[in-house]
Amino acid sequence: MKFFVDTANLDQIKEARDLGVLDGVTTNPSLMAREGVTGKDAIYAHYKAICDIVDGDVSAEVISTDFEGIVAEGTALSEIAPNIVVKVPMIKEGVKALRYFSDHDIRTNCTLVFSAGQALLAAKAGATYLSPFIGRINDLNWDGMQLIHEIAELYAIQGFETEILAASIRTSRDIVEAGKAGADVVTCPLDSILGLLKHPLTDIGLEKFLADHRAANG
Ligand code: E4P
């Protein structure tokens, strides 16, 4: 199971990398805007800076919504660094672009996926990664994790190679649940990854071990 960090913040990306468990990064236009990165040149330079920090896949999202625009933008993004993955929205023009990129050996992440039907289309079009948005489904009081189960079953039965990238993950517990549901990858904020560390018995146990060592050794 791969861990991606879902941020465009360079310090957080470095901290996740230094933990030694980071396999990649996902970004989106909202996350780029949150870092104050605006304008094409600055945005491309920021993607390059991220790619210089991590060896793993870095998703860079197109903002075009027409086929020609998505292809032109995605091709330019893919030339920033070899580990760029072009993030394409699950719309009709996006599906056409996924097929184009697949035929031209450009790796993709199909984003804004909310149903098994959309997952089927993306896999048929040759998407490298598929991003179902778990948290946003849960926000509507539906069951996001059930969608991961359904897509994992569908892909296994049909033998699709598209990797399921559970996105919009906001809790540490959901990382575990996504793994059990069959996600190949999870992407989430750094805090959710660090949350996996937490258990009070670990803290209590360590404190006791160190106290016993001090007592015995002075
Ligand atoms: C995924 O690639 C998206 O960037 C992200 O996971 C969306 O998460 P959110 O629903 O918390 O904004």
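Atoms within each ligand, like the ligands themselves, are counted from 1 in listed order. Counting begins at 1 with the first residue of the sequence.
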Undergrad: Given C110, which of L98, V88, T128 fulfils the side chain to side chain contact (heavy atoms under 4.5 Å, CB included) condition?
TA: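 Result: among L98, V88, T128, L98 is the only option passing the side chain to side chain contact (heavy atoms under 4.5 Å, CB included) with C110.
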
Undergrad: Taking ring pair (Phe, Tyr, Trp, His ring centres under 6.0 Å) as the cut-off, I'd like each qualifying pair that reaches into residues 141-162, sequence neighbours left out, listed once.
TA: Y155-F160

Undergrad: Output every pair passing side chain to side chain donor-acceptor pair (under 3.5 Å) with a member in residues 15-24, not counting sequence neighbours, ordered by first then second residue.
TA: none

Undergrad: Looking only at the side chains, is there a donor atom on one of E61 and N28 sitting less than 3.5 Å from an acceptor on the other?
TA: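 On atom types as modelled, these side chains do not qualify, holding no pair under 3.5 Å.
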
Undergrad: For ligand 1, what is the set of protein residues having any non-hydrogen atom at a distance below 4.0 Å?
TA: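 Residues D6, T26, N28, K87, F133, R136, A167, S168, R170 each place a heavy atom under 4.0 Å from ligand 1, listed by chain and number.
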
Undergrad: Sequence neighbours excluded, which residues qualify as side-chain hydrogen bond (donor to acceptor under 3.5 Å, both in side chains) partners of K2?
TA: Y129, E163

Undergrad: Can you name the nearest heavy-atom pair linking P189 to V5, along with the distance?
TA: C-CG2, 4.3 Å

